[in-house]
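Naming: A, B, ... by sequence-line order, numbering from 1 per chain. The basis for the numbers below is simple: all heavy atoms, side chains too, and nothing from hydrogens, waters or symmetry mates.
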Protein chains: 2
Amino acid sequence: MRYRRTDVVERALEVLDRYGLADLTMRRLGAELDVQPSALYHHFANKQTLLAAVADEILARGQRPLPDPADWEQRVVAVCVGLREAMLAYRDGAEVVATVHAFGLGADGPTADLGSTLRAAGLGDSLARTAARTLLHYVFGHVSEEQTHLQAGSAGAIADEPREESDFLTGLALVLDGIRLRRESLAH
Amino acid sequence: MRYRRTDVVERALEVLDRYGLADLTMRRLGAELDVQPSALYHHFANKQTLLAAVADEILARGQRPLPDPADWEQRVVAVCVGLREAMLAYRDGAEVVATVHAFGLGADGPTADLGSTLRAAGLGDSLARTAARTLLHYVFGHVSEEQTHLQAGSAGAIADEPREESDFLTGLALVLDGIRLRRESLAH
DNA sequence: ACCTGAACACCGTTCAAGT
DNA sequence: ACCTGAACACCGTTCAAGT
């Protein structure tokens, strides 16, 4: 069989979701595609690049149209909630996206969304950037932890998801309150 | 030579700081101590446990006495700034501490400090926990990113540290503002 | 363009046996 | 108590060669 870049990413997503990030190896993925591991290097320069493509695909698949920009706070919440749900949709999704982001590769859609929303809210370039990064760090950190514990509790994990979501929203509201306060003191 | 647990941690810290987390392998550490890799398993059940001990040691060495608890906000800032400095003191320190924390092993001193400070500020158990976790996620996320870029710029990295610190404090102030607002609305 | 086959230089971990 | 030596079951990546 002969594959294209997107076929490899598709299969990588399946391996990730079924066996987890630790088992998403070049050799394992090659075996899954009935191909030598070295064949993957025709499609990706290295594993990091493959992982970046996987992260981008996780976010792309979780994409949902943003609501009307009536309220900048609602918009920020929508972006963060959407980001959380996209990452939760795949096993170890948060770790993959966070790692790739930390490495500086791809997956800059959310950063751009948050940044432009905050600038549109009148936050000033430097503060908007800092606020966007603060929000992202919170989201990545919270969801990574959440997902780790979710998987530790394995099977009956659907039960306590509401508690985790309200926890997520509480922390998010904390950061958002801080941003609003700064915004008001700027506009006053 | 015969070593004790603390000797191994000490040497692991040196290897970490000189060669980075990627090169802190059981085999490499064994070689550094002139010992078979298998000998390390007499001191630690596995690599995770060793890494947890390393993380704890990084935090312990960065420990500085907290200022008088006159102001709960100043106390929170002191804990977070201290945490940042402790992690920055070792190459890849933030990644080590964050990883160990995500895994649920050791390094719960900061969580406890923040939690008790926030409860003492009158925040209520559940909100105090959420706020402490939010702060920690921010600190880990920011410092990890900061340290990655610091090391990417390698040599002349001392130059732009002030900018990074003020950036860190700005984001921290954002979260802190959110916490203060919630606290005031509770006490009102 | 996409893949094979073989190799290089590594990993973490286990376990019987030694002192 | 602490370590050796050997093994098991893996890694990511490179590269000449094939179709």
B:Arg84 side-chain N/O to B:Val139 backbone N/O, donor-acceptor pair under 3.5 Å: no
Nucleotide C:dT19, atom P - distance to NE2 of B:His42 in whole Å: 16 Å
Atom P, compared across D:dC8 and C:dA9: separation rounded to whole Å: 22 Å
How many angstroms lie between atom CG of B:Leu33 and atom CG of B:Asp7, to the nearest 0.5 angstrom? 8.0 Å
What nucleotide, of C:dA1, D:dT4, C:dG18, holds the atom closest to the side chain of B:Arg2? C:dG18
Is B:His43 close enough to D:dA1 that one of its side-chain N or O atoms is under 4.0 Å from OP1 or OP2 there? no
Whole angstroms only, please: what is the CG-C1' distance between B:Leu40 and D:dC2? 11 Å
Is a salt bridge present between B:Asp71 and B:Arg75, judged by a nitrogen-to-oxygen distance below 4.0 Å? no
Under 6.0 Å between ring centres: does that hold for B:Tyr138 and B:Phe168? yes
Identify the heavy atoms of A:Ala128 and A:Leu118 that sit nearest to each other, and give their distance. O-CD1, 3.7 Å
Under a 4.5 Å cut-off applied to non-hydrogen side-chain atoms, are A:Ile58 and A:Val54 in contact? yes
Can you run down the side chain to side chain donor-acceptor pair (under 3.5 Å) pairs that involve residues 167-179 of chain A, sequence neighbours left out, and say none if there aren't any? A:Asp167-B:Arg133, A:Asp177-A:Arg180, A:Asp177-B:Arg182
Does any non-hydrogen side-chain atom of A:Glu10 lie less than 4.5 Å from one of A:Glu57? no
Dot-bracket pairing map - DNA chain D, Watson-Crick plus G-U, both contacts under 3.5 Å, | cross-strand: ||.|||||...|||||.||
Can you tell me the distance, in whole Å, between the CZ atom of B:Arg4 and the P atom of D:dC3? 11 Å
Reading nucleotides 6-15 of chain C 5' to 3', which nucleotides get B (base under 4.0 Å from a protein heavy atom), which S (sugar-phosphate only), which -? -B---BBBBB
